[in-house]
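Since the structure comes first, as structure tokens, the remarks are kept for the end.
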Amino acid sequence: MSNTLPNDTHHVLSSLTKEGYIQSIITQNVDNLHVKANTPVDKLIELHGTLAKVECMSCGDNSTDRSLYQNRIHARNPSWGTWIGQGKINPDGDVELPKGVSYDEFDIPACLSCGSLKMKPNVVFFGENIKKDVVTKAELAVQNASAVLVLGTSLATYSSYRLIRLAHKLNKPIGIITKGQTRADDLMLWKGQVGCTPVLKQSFFNLIGP
């Protein structure tokens with residue numbers, strides 16, 4: 001995932017944000033692609049975190065770059081490089097290592113802030129709650145918005161759906177561009193069941209030009 005590049009949708013959204021047409025972008029994705037597309041970080045809310053950072057579960061520091069932390073892992077566990085690409089990758093991203101491999105010898109790099117070994121990707125895993133400050137920031141963005149546009153999601157997760165319910169409660173116009181049904185189809189003002197990229201590229205052309 002670290003090698004994945006943003007597509008035209010990410011770039012158009014970034015440009016429209018810089019030009020002032022978009023006030024805030026709230027994303028459920030953890031792929032860091034909005035950041036790679038140079039979206040202004042003060043306008044971006046990553047609801048479920050990002051795989052580009054590592055979080056300490058003890059002190060809460062989440063400023064550590066994932067790639068740098070990965071380098072520390074490789075440096076402390078050079079023999080484990082043998083297993084890269086060898087094990088079965090499960091749907092959740094975990095890798096099944098061969099029988100007999102001992103995890104007891106794995107050297108976990110400590111948090112540089114507090115020394116704890118309780119480190120994890122800076123994402124919200126199943127069963128975890130979104131951090132309160134992120135929730136507050138997302139709700140404030142909805143409250144301050146003149147309208148809300150939903151792009152490319154069915155809103156299956158409640159964390160995003162509740163924000164659309166908030167927008168509806170506040171009488172914000174809600175538009176949806178996505179293929180298929182969403183949980184908010186009864187809350188929308190309008191909906192386009194089409195792909196996001198062609199619509200956004202045309203919108204960019206209409207607003208800013210070629």
Side-chain angles (χ1 to χ4, degrees), residues 1 4-37 39-52 91-93 121-208:
M1 183 176 290
T4 305
L5 297 176
N7 59 28
D8 287 343
T9 292
H10 297 102
H11 288 299
V12 171
L13 290 174
S14 175
S15 296
L16 291 176
T17 302
K18 293 173 183 175
E19 293 292 335
Y21 291 102
I22 296 176
Q23 176 182 315
S24 300
I25 294 177
I26 302 174
T27 179
Q28 304 174 87
N29 298 329
V30 297
D31 51 23
N32 199 44
L33 293 181
H34 285 290
V35 174
K36 288 184 178 181
T39 302
V41 293
D42 61 323
K43 303 291 186 180
L44 178 63
I45 302 170
E46 294 173 309
L47 202 58
H48 298 148
T50 173
L51 285 170
D92 62 359
N122 185 33
V123 297
V124 179
F125 286 117
F126 183 78
E128 293 182 330
N129 294 319
I130 298 175
K131 293 181 176 62
K132 290 183 178 180
D133 63 314
V134 176
V135 172
T136 299
K137 188 176 180 180
E139 291 178 344
L140 187 61
V142 172
Q143 292 167 12
N144 291 334
S146 58
V148 175
L149 178 61
V150 179
L151 294 172
T153 175
S154 64
L155 298 170
T157 60
Y158 187 74
S159 56
S160 55
Y161 174 58
R162 67 182 295 276
L163 293 174
I164 303 305
R165 290 182 60 186
L166 173 62
H168 184 261
K169 181 179 179 181
L170 296 172
N171 296 315
K172 308 285 185 178
I174 299 169
I176 299 176
I177 302 176
T178 193
K179 296 179 179 179
Q181 295 182 331
T182 80
R183 294 178 70 178
D185 282 356
D186 60 336
L187 305 178
M188 66 182 180
L189 179 63
W190 59 267
K191 180 180 180 181
Q193 295 205 58
V194 294
C196 299
T197 301
V199 176
L200 290 174
K201 290 177 72 174
Q202 185 61 49
S203 298
F204 180 87
F205 179 83
N206 292 342
L207 292 169
I208 300 176

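Counting from 1, the numbers follow the sequence of the chain as shown.
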>> Side chains of Ser14 and Thr17 only: does a donor on one sit below 3.5 Å from an acceptor on the other?
In response: no
>> Give me the atom names and distance for the closest heavy-atom approach of Tyr21 to Leu207.
In response: OH-O, 3.6 Å
> Which residue, Asn32, Leu44, Val123, forms the side chain to side chain contact (heavy atoms under 4.5 Å, CB included) with Thr50?
Replying inline: Asn32
> Closest approach of Thr178 and Lys191, non-hydrogen atoms and distance?
Replying inline: O-CE, 4.1 Å
> Would a distance-only check, ignoring hydrogens and angles, find a side-chain to backbone donor-acceptor pair under 3.5 Å from Lys36 to Thr4?
Replying inline: yes
> Does any donor atom in the side chain of Gln28 or Ser159 lie under 3.5 Å from an acceptor atom in the other side chain?
Replying inline: no
> Is any side-chain heavy atom of Val134 less than 4.5 Å from a side-chain heavy atom of Ile45?
Replying inline: yes
> Do His168 and Ile174 have side-chain heavy atoms sitting under 4.5 Å apart?
Replying inline: yes
> Residues in salt bridge (charged side-chain N to carboxylate O under 4.0 Å, His left out) with Lys201, at least two apart?
Replying inline: Asp8
> Hey, does the side chain of Gln193 reach the backbone of Gly180 with a donor-acceptor pair shorter than 3.5 angstrom?
Replying inline: yes
> So which pairs with a foot in residues 123-139 pass side chain to side chain donor-acceptor pair (under 3.5 Å), sequence neighbours left out?
Replying inline: Glu55-Lys131, Glu139-Arg162
> Minimum heavy-atom separation for Lys172 to Ala145, with atom names?
Replying inline: NZ-O, 2.7 Å
>> If the condition is side chain to side chain contact (heavy atoms under 4.5 Å, CB included), which residues does Asn144 pass it with, not counting sequence neighbours?
In response: Gln23, Leu140
>> So which atom in Pro173 and which in Ser146 form the shortest heavy-atom distance, rounded to 0.1 Å?
In response: CD-O, 3.2 Å
> Ile130 and Val135: which non-hydrogen atoms are nearest, and at how many Å?
Replying inline: CG2-CG2, 3.7 Å
>> Taking side chain to side chain contact (heavy atoms under 4.5 Å, CB included) as the definition, give me every residue that meets it alongside Ala184, ordered by chain and number, with sequence neighbours left out.
In response: Leu155, Tyr161, Ile164, Ile176, Thr182, Leu187
>> So Leu163 and Val148, do their side chains get closer than 4.5 Å, heavy atoms only?
In response: no
>> For the CZ atom on Arg165, are there more than 12 heavy atoms of other groups (residues, nucleotides or ligands in this structure) within a distance under 6.0 Å?
In response: no
>> Run the side chain to side chain donor-acceptor pair (under 3.5 Å) test against His10 and tell me which residues pass, sequence neighbours left out.
In response: Asn7
> Can you list the residues that meet the side chain to side chain contact (heavy atoms under 4.5 Å, CB included) rule with Asn29, with sequence neighbours excluded?
Replying inline: Thr27, Asp31
>> Measuring from atom CD1 of Ile26 to atom OG of Ser160, what distance do you get when rounded to the nearest 0.5 angstrom?
In response: 9.5 Å
> Lys18 and Pro40: which non-hydrogen atoms are nearest, and at how many Å?
Replying inline: CG-CG, 3.9 Å
